[in-house]
Amino acid sequence: MKKIYNLLTMLLLTFCTMGLFTGIAKGQSRYRAEDIITYSDFSDSYMVDFSPRFVFFSSENGIWRLDRFSGKSVTPINFGLGLASAVDLRNGDLLLWHDASSTLWLWSKKRGLKYFRWDLSQWYSFDAINGNVGVKNIGETEHYVVIKSSKSSDDPDGDANIFIDPHSFYLINELNVDDGFIRWAGSWEPHQFKHYWIDDSDLRYYSEDGRIRDKYNRSYEVSFDVYDEVYQRRYICYPGLGLGIANERHQSLNIIQPGPAGKDVRSIALMGSGFMWVCGKNGRNSGINLLDREKGEWQYFDSDYVTGIDSHHINDIVTHKTSSYFASEEGLVIFQAEKGRWKTVGSFSGLSGLDLRALGKSRSELFIGGDHGLNRMDLPSGKIVPAGDKRVNDLHTDDIVTDGDTVWVTGFQGAFRYQPDEWQRIGNEELVVGNEAGRCLAVTKDFFWIGGERGIRELNRKTGEWKGWLSSVYFNRSPSRSLAANDSLLWVGTRDGLHAMHLRKRRWLSYGIEEGLPSSNIQFLQVEADTLWIGTPEGLTRFIWNIPGRDIF
């Protein structure tokens, strides 16, 4: 449940004219399953089942689904909200759709038995089976869901069938049940593999053992396959690679991944109304991901394969017209959409250093901050020059935000504001010096915020007044990692949860794994109207926070 803070007294902060802070209000609302959706790395898929409309796949990062009519992936259902807390669906071992009751069942050794009621769009736990390590399989008859388990701890090799009524969700005595044939999950006949044509030049298919090997001779072994007789497609799970959809008629195999390549999301950017960049770091599967939001399709760009991308480890993204700019560990990566061209700009083009941390865009300039200084790029010409002030030319940059032609920058040497041809220090050195690791910024027309180790500082841009909120009181002593704001709310991402402040009421709410987030480690925040996009080490989360008629504060 939400972490609720009720302060009986007001505490005084000690910075400049640090203001009084109010208590954190108790939330009265409950979010629905569809309000919080996580898109993660679904390459490790290993179990399949069908409903009349969807094909469901369980993976180590949750459940995702394909539309059987179109063959396209649709919104995943990997994290849904239960009556009291979120249901974690990662690492599911057995998956079964029971058609007569329109329920989806998932069992795992770690988390027990869960079921999803399609009529209520809600997940529930079936507590009678939770923790039963003797469960061997899950199946169905026309009227019942069946759990095959050990008879007892004294007879682990013996089988006992436990029948569950999926309408009343009562356990039925197995001696009184005779409901005909039981279809067990994972009991399809092994497939005699054929040769399929693969629409990917980096993969080769070996028909003799059903494995796929790439050009580096890495092998991907089939964990599960099942044939859909209605649409004459075979679905083949290749853990670590994705899902193969085989067309038996044409002997073709399409490999798809319905999520970002790499789940450690550290940067997000909207590209027009129809596309979104999703980037981060996650070993060999990391990359630059582009999501077609209308079609729900992903494209992947990897520095190992795409000429012009020197690194796909991205810390920040900015878009301008039809171009996108990426702060990478090897320089500034640029994508020109109208030409379909990638290129990387480095030190020879004027950058102070290659390890870039943050980007910000004014009306005509791109501000580029890195480990070795701050630069400005003239967007029409592409020319890169130093920031223009000796105090910030070598700034060890942490974050940049912009508001029209006003640019706000923070780094190891201090916090600064830029207005055309003039740099100004914000506050004094005490604002940022000393234990302020993880600084981040946000700005609206009325306020400017800077977050760090000790809390959040707020500048009223009209009055010049500073106020603050201590991390030891409001954020579980966790430093701020990302800030985002609109005219009504300030969002604060920390290593220990997501926090929101109502700007008029000055009340706080907090969110974590219990509310459906895949991780409490919040790395990046992006506000888009009534949607908050959240980057975590476990994937990209879409959080619809503003529901009509629902007052969360």
Side-chain angles (χ1 to χ4, degrees), residues 33-34 46-58 62-69 74 77-78 80-84 87 89 92-152 155-190 224-231 233 235:
E34 62 268 24
Y46 47 77
M47 188 70 187
V48 186
D49 205 1
F50 300 110
S51 76
R53 178 64 185 272
F54 299 109
V55 182
F56 299 101
F57 297 83
S58 65
I63 297 174
W64 58 278
R65 52 190 169 140
L66 290 181
D67 188 310
R68 292 179 76 185
F69 300 145
V74 294
I77 52 174
N78 51 323
L81 298 182
L83 291 176
V87 176
L89 306 176
D93 297 305
L94 295 169
L95 176 76
L96 182 113
W97 171 265
H98 189 261
D99 193 47
S101 62
S102 295
T103 52
L104 180 68
W105 296 76
L106 180 76
W107 180 85
S108 71
K109 294 178 181 177
K110 292 184 178 179
R111 298 174 177 88
L113 185 64
K114 317 287 184 185
Y115 63 92
F116 183 79
R117 289 189 59 176
W118 213 258
D119 57 340
L120 299 179
S121 297
Q122 191 67 272
W123 281 99
Y124 301 90
S125 294
F126 200 91
D127 296 330
I129 310 296
N130 273 356
N132 188 348
V133 295
V135 172
K136 299 178 180 180
N137 211 336
I138 181 172
E140 67 165 347
T141 66
E142 182 180 355
H143 300 99
Y144 299 105
V145 172
V146 189
I147 304 297
K148 178 185 287 187
S149 67
S150 302
K151 282 191 173 181
S152 66
D155 186 14
D157 295 328
D159 293 337
N161 293 334
I162 301 172
F163 289 80
I164 301 171
D165 185 334
H167 300 283
S168 65
F169 302 100
Y170 291 146
L171 290 174
I172 307 298
N173 189 315
E174 64 169 317
L175 299 178
N176 298 329
V177 174
D178 182 11
D179 201 37
F181 174 76
I182 299 175
R183 178 179 74 88
W184 295 105
S187 63
W188 289 272
E189 292 295 324
F224 190 85
D225 78 283
V226 62
Y227 185 63
D228 181 357
E229 296 190 13
V230 176
Y231 294 96
R233 302 188 190 108
Y235 296 92

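Side-chain atoms are counted along with the backbone in the values below, which use heavy atoms only and exclude waters and symmetry mates. Owing to the predicted nature of the structure, the values given are computational and were not obtained by experimental measurement.
- Applying the side-chain contact (heavy atoms from CB on, under 4.5 Å) rule to His167 yields the partners Ser101, Asp165; only residues at least two apart in sequence or on another chain are considered.
- Heavy atoms only, all atoms of each residue included: Ala100 and Glu142 are closest at CB-O, 3.3 Å.
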Could you go step by step and tell me if His98 and Ile138 meet the side chain to side chain contact (heavy atoms under 4.5 Å, CB included) rule? CA-CA 11 Å; His98 189 261; Ile138 181 172; over 6 Å; no

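- Residue Leu96 comes nearest to Glu140 through the heavy atom pair CD2-CB, 3.8 Å, listed as atom of the first residue, atom of the second, then distance.
- Asn137 contributes atom CG, which lies 11.0 Å from atom OG of Ser149 (distance to the nearest 0.5 angstrom).
- For the pair Ile77 and Leu104, the minimum side-chain heavy-atom distance is below 4.5 Å.
- Residues Ile164 and Trp105 are in side-chain contact: their nearest non-hydrogen atoms beyond the backbone lie under 4.5 Å apart.
- When ring centroids are compared, Tyr124 and Phe169 stay outside the 6.0 Å threshold.
- Looking at Ser102 and Asp119, their side chains never come closer than 4.5 Å, going by heavy atoms from C-beta outward.
- Counting heavy atoms from C-beta outward, Tyr235 and Leu66 have side chains that approach closer than 4.5 Å.
- Ser51 meets the side-chain contact (heavy atoms from CB on, under 4.5 Å) test with Arg53, Phe54, Phe56, Trp97; sequence neighbours excluded.
- Phe126 is listed as a side-chain neighbour of Leu171, based on a closest heavy-atom distance under 4.5 Å.
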In sequence, state the C-alpha distance, the side-chain angles, and the governing distance for Phe116 and Ile63, and then conclude on side chain to side chain contact (heavy atoms under 4.5 Å, CB included). CA-CA 11 Å; Phe116 183 79; Ile63 297 174; over 6 Å; no

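- Within the 4.5 Å cutoff, the side chain of Tyr46 has no heavy atoms near those of the Phe224 side chain.
- Considering CG of Leu113 and CG of Leu106, their distance stands at 8.0 Å, rounded to 0.5 Å.
- The two residues Ser58 and Leu95 come nearest to each other via the heavy atoms N-CD2, 3.8 Å.
- No more than 12 heavy atoms of other residues, nucleotides or ligands lie within 6.0 Å of OH in Tyr170, so this atom counts as exposed by the packing criterion.
- Shortest non-hydrogen contact noted between Pro166 and Thr103 is CB-OG1, 4.2 Å.
- Contact annotation: the side chain of Ile182 approaches that of Phe163 to within less than 4.5 Å [non-hydrogen atoms, C-beta and beyond].
- In this structure, the side chains of Tyr115 and Val145 stay at 4.5 Å or more apart for every pair of heavy atoms.
- Of all heavy-atom pairs spanning Phe181 and Thr141, the tightest one is O-CG2, 3.7 Å.
- Taking NZ from Lys114 and CH2 from Trp107, the interatomic distance works out to 12.0 Å, rounded to the nearest 0.5 Å.
- To the nearest 0.5 Å, atoms CG (Asp99) and CZ (Arg183) are separated by 9.5 Å.
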